[in-house]
**Q** 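Below you'll find the structure I mean.
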Number of protein chains: 2
Amino acid sequence: MSDRKKRILQIVVDEYINSAVPVSSKAITEKHLTDVSSATVRNELASLEELGYLTQFHTSGGRVPSPQAYRFYIEELMQRGNLSAADLDYISGAFSDKTADVEHLIKSVANVISDLTDYTSVAIGPNAEEERIRNMTLLPCGDGRALLVIVTGSRILRDSFIDIPESMSDEDVAGASHMLAKLFGGKALSEAREVEAEALGEFGQYRQVMTEVIEALKSYARPRDEDIVLAGPEKIFNHPEYEDIGNVKNFLSVISSKDKIAEIVGDEDDEIQINVKIGSADDKDVPEDCSVVTATYSAGGKNLGTYGVIGPIRMDYSKVIAVLENVGKALEELVDGKNNKNKDKNKEKNDE
Amino acid sequence: MSDRKKRILQIVVDEYINSAVPVSSKAITEKHLTDVSSATVRNELASLEELGYLTQFHTSGGRVPSPQAYRFYIEELMQRGNLSAADLDYISGAFSDKTADVEHLIKSVANVISDLTDYTSVAIGPNAEEERIRNMTLLPCGDGRALLVIVTGSRILRDSFIDIPESMSDEDVAGASHMLAKLFGGKALSEAREVEAEALGEFGQYRQVMTEVIEALKSYARPRDEDIVLAGPEKIFNHPEYEDIGNVKNFLSVISSKDKIAEIVGDEDDEIQINVKIGSADDKDVPEDCSVVTATYSAGGKNLGTYGVIGPIRMDYSKVIAVLENVGKALEELVDGKNNKNKDKNKEKNDE
DNA sequence: GTTAGCACTTGAAGGTGATGAGTGCTAACA
DNA sequence: TGTTAGCACTCATCACCTTCAAGTGCTAAC
């Protein structure tokens, strides 16, 4: 593909992303390629269409980029957009230390992304599997039930009710609770699940409780609904493709199901930092006319979750990717800063 | 208002709810009032319009009920609908004992209501204020933080992270935790908030922790986002008024904000069991073209939350109210049954 | 390889007239 | 006095047509 073809393709995609109307040869020569005539551009456009990058609804309607064009655009043509100073300020101001626990942090990240991009944002919290259990307890609730709570340093990892034998006194439960904390403390959720045999032995008389706990641990393998958040669903109406009720319907059917959100956000290759899915071709759960751009963040070796936006195929990929990248950086700094602070604190303690 | 006027108004509302098209005098005489002529009905219709019960978009377009008509319809005209055997079966099958904790119960109630009515359902969980604290604990998480968990017999009442002095050892926290459980166990959340003075004295060296706990208790006054659930948002598309993008927009702007949902579901008179809000006139947060029907359930003196549907003004009030009533009955039976079972259990224990 | 020129296609916008649904009014009737 | 038939009137909808502008593809000339 010639440089001029690339340039023209870039112009078409940029223009279409901006205006949402099919772009014509005339518009291209008037605004961008002033040194050639519209006829020349027409020839190039016809050729780009043959290559599969452009489509026409009808002969007199200008051209529109195909999903293939967007992919090429993102990989080669797009200007890696820099954010405005205001946007950068907004990001750095948004994540203050007060967002101490991960639950809140996830929500505020999702909100920031949605606000800055003007698209609906989706997020899936940190993968719980590899987080270290900091503490664990069984809280008696009466009527033969107890609440099992597992926390890390920064969040409630999981909680759920389990049945306990009626014969167990509150003191017995407290004892069992201590054993659990000792047994599982410091382990990752995935490791915790593997101590089964050993644990059952140690528990002796409370074998049944342990069985229930193991059962609960197993059910924690998939993300909870609360770990999947959505921000700014109404943002969809800011984009003209969603004047069409059918598109809104598709969109809503996806975002109102946490399972589907998890599906389209979740199943990505760990190697890839930023992942773009364009239309149903890339993921059957993404509606025909939608794109999903996600980024997986981690800091200090710790997974911080996957965040992204869902919006029309005609998405401002440059802006979206810039926002995702900068939010990632801010998050990394926040977490690293905190770690360092803690290290300092610990150091001070040791120095005493 | 004459009996015939009432009958005609009833026919108009029934017909319009069913068909969503303005109803004409001819339709009324053909299908329902076969003993009078359409001209007579026209006179009555004109009179009902003057009374404010009916409106016309244009002279040749049939008539449509006004909000005032719906109110009158619900209070006097509507046939208190009985549910089909299938619907009743569905309800009684939906709430089995396995939905042990309140969180799941709320969700399943919301789903049942949405499924049976074909409208989007909204629910707000049991009012936490008067529930008795069954247990309470502080779980150390490191880095000067601890998780405060409060449970009743059937659910996690509240949880949140609080700061603790770095100097507190895990054992100290455990001690404080015991004191908390003793101090607050058996109290309602609203009562717990009032023990401030006494508590601060008892806590001695851990005064600061207690201050944080009190602070947390105070923040628990309003419902958590998780206590507000929504089921079947996509159901809205099953009703023709939501072919219009503007209406969908209004609708989505309300249901995507938990605060707004809480507002329209929450602020009702405790005296009223079933509450109907028709359009913005009854509640400024209800969109112009929407109605909200809610019911507050309680069983054994315990508040079980408020449930309802949000949908077009042209709502099948009879069906909706029947579903809400029957779901309420089923829920009451479920909870009473459980209480009895527990009483039985306790009795057996005492008999031993 | 580039360009001007032109015929062609197509959707959008606007106008027209026919159709049909539904009403309001009036006068006659019981 | 309430009811009814009859009729003129209103209005949305639809099909059909015309016009308009945008944009293309193609060709011939540079």
Side-chain angles (χ1 to χ4, degrees), chain A residues 1-9 11-16 18-66 69 240-241 243-244 246, chain B residues 1-9 11-16 18-66 69 240-241 243-245:
Chain A
M1 179 146 46
S2 72
D3 277 357
R4 191 170 66 188
K5 271 205 184 61
K6 285 186 188 172
R7 174 87 182 105
I8 289 176
L9 186 55
I11 293 170
V12 172
V13 178
D14 276 335
E15 275 290 307
Y16 187 62
N18 266 315
S19 68
V21 292
V23 356
S24 72
S25 56
K26 200 176 141 208
I28 293 173
T29 52
E30 273 174 4
K31 291 196 220 162
H32 305 276
L33 273 190
T34 44
D35 53 335
V36 293
S37 80
S38 66
T40 310
V41 172
R42 273 204 293 284
N43 289 332
E44 298 283 46
L45 289 176
S47 157
L48 282 166
E49 189 171 350
E50 219 162 274
L51 290 167
Y53 289 104
L54 299 176
T55 50
Q56 271 183 305
F57 291 122
H58 38 263
T59 128
S60 69
R63 261 121 176 159
V64 160
S66 68
E241 23 279 272
E243 314 261 290
D244 182 89
Chain B
M1 180 148 48
S2 72
D3 277 358
R4 191 171 66 186
K5 270 204 187 60
K6 285 186 188 173
R7 172 91 182 104
I8 289 177
L9 186 55
I11 293 170
V12 172
V13 179
D14 276 336
E15 275 290 307
Y16 187 63
N18 265 316
S19 68
V21 291
V23 354
S24 72
S25 56
K26 202 177 141 209
I28 293 173
T29 52
E30 273 176 2
K31 292 195 218 162
H32 305 276
L33 273 191
T34 46
D35 53 336
V36 292
S37 81
S38 65
T40 309
V41 172
R42 272 203 293 284
N43 289 332
E44 297 283 47
L45 289 176
S47 157
L48 282 167
E49 188 171 348
E50 221 162 274
L51 291 168
Y53 290 105
L54 300 176
T55 51
Q56 270 183 307
F57 291 122
H58 37 262
T59 129
S60 68
R63 260 121 175 160
V64 160
S66 69
E241 25 276 274
E243 315 259 291
D244 180 89
I245 199 81

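Just so we're on the same page: letters track the sequence lines, and every chain starts at 1. Small disclaimer: the values here were computed from a predicted structure and weren't measured.
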**Q** Nearest whole Å is fine: how far is C:dT23 C1' from B:E44 CD?
**A**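 Nearest whole value for this atom pair: 16 Å.
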**Q** Between P on C:dT3 and CD1 on A:I28, what's the gap in Å once rounded to a whole number?
**A**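 Taking atom P of C:dT3 as the reference, CD1 of A:I28 is at 14 Å.
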**Q** Taking only the side-chain nitrogens and oxygens of B:S25, find out if one of them lies under 4.0 Å from OP1 or OP2 of C:dT23.
**A** yes
**Q** With side chains defined as the heavy atoms from C-beta onward, is the minimum distance between B:I28 and B:L45 less than 4.5 Å?
**A**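 Side-chain contact under 4.5 Å: yes.
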**Q** On DNA chain D, compare the nucleotides closest to B:R4 and A:S60; which residue's is nearer the 5' end?
**A** B:R4
**Q** Counting heavy atoms from C-beta on, name the nucleotide in C:dT23, C:dT2, C:dG11 closest to the side chain of B:R63.
**A**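 Selected nucleotide (nearest to the side chain): C:dT23.
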**Q** For a quick check of understanding: with a heavy-atom distance under 4.0 Å over all strands, which category does A:T40 fall into, base, sugar-phosphate or nothing?
**A** base
**Q** Which nucleotide in the list C:dT2, D:dT24, C:dG11 gets nearest to the side chain of A:R42?
**A** D:dT24
**Q** Quick one: are A:H32 and A:I8 in side-chain contact, heavy atoms under 4.5 Å?
**A**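 No - every pair of side-chain heavy atoms lies 4.5 Å or more apart.
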**Q** Nearest-Å distance, CG (A:L54) to C1' (D:dG23)?
**A** 14 Å
**Q** Round to a whole Å and report the spacing from CD of A:E50 to P of D:dT24.
**A**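 So the two atoms are 16 Å apart, to the nearest Å.
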**Q** Contact between B:R4 and B:V36 at the side-chain level, heavy atoms closer than 4.5 Å - yes or no?
**A**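 Result yes, sub-4.5 Å side-chain heavy-atom pair found.
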**Q** I'd like to know whether NZ of B:K26 has more than 12 heavy-atom contacts from other residues, nucleotides or ligands below 6.0 angstrom.
**A**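 Open: at most 12 neighbouring heavy atoms sit under 6.0 Å from NZ of B:K26.
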**Q** Report yes if a donor N or O on one partner sits less than 3.5 Å from an acceptor N or O on the other, where the partners are the side chain of B:T59 and the base of D:dT10; otherwise report no.
**A** no
**Q** Hey, are the side chains of A:D35 and A:L33 touching, using non-hydrogen atoms and a 4.5 Å cut-off?
**A** yes
**Q** Under a 3.5 Å cut-off for both contacts, is D:dA29 paired Watson-Crick or G-U wobble with anything, and if yes, with which nucleotide?
**A** C:dT2
**Q** Counting only Watson-Crick pairs (N1-N3 plus N6-O4 or O6-N4) and G-U wobbles (N1-O2, O6-N3), all under 3.5 Å, who is the partner of D:dC14?
**A**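 D:dC14 is paired with C:dG17.
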**Q** Within less than 4.0 Å of OP1 or OP2 of D:dG23, is there a side-chain N or O belonging to A:S24?
**A** yes
**Q** Within a strict 4.5 Å, meaning less than it, do heavy atoms of the A:M1 and A:Y53 side chains meet?
**A**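 Heavy-atom side-chain distance check passes, below 4.5 Å.
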**Q** Are any of A:H58's side-chain N or O atoms less than 4.0 Å away from OP1 or OP2 of C:dT9?
**A**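 For A:H58, the contact criterion (side-chain N or O under 4.0 Å from OP1 or OP2 of C:dT9) is not met.
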**Q** Quick one: is B:S37 getting a side-chain N or O under 4.0 Å of the D:dT4 phosphate, OP1 or OP2?
**A** yes
**Q** Answer with base, sugar-phosphate or nothing: what part of the nucleic acid does B:S38 contact at a heavy-atom distance below 4.0 Å?
**A** nothing
**Q** Does B:A39 or B:G61 map to a spot on DNA chain C nearer the 5' end, using the closest nucleotide for each?
**A**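 That would be B:G61.
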**Q** Separation of B:Q56 atom CD from D:dA12 atom P, in whole Å?
**A**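 Distance check: B:Q56 CD to D:dA12 P gives 12 Å.
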**Q** If I take atom CD in residue A:E49 and atom C1' in nucleotide D:dG25, what distance separates them, rounded to the nearest angstrom?
**A**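 Roughly 11 Å, once rounded to whole Å.
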**Q** Grab the CD1-P distance between A:I8 and C:dT2 for me, whole Å please.
**A**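 Computing the A:I8:CD1 to C:dT2:P distance gives 10 Å.
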**Q** Check the distance between C:dG11's C1' and A:F57's CZ and give it to me in whole angstrom.
**A** 13 Å
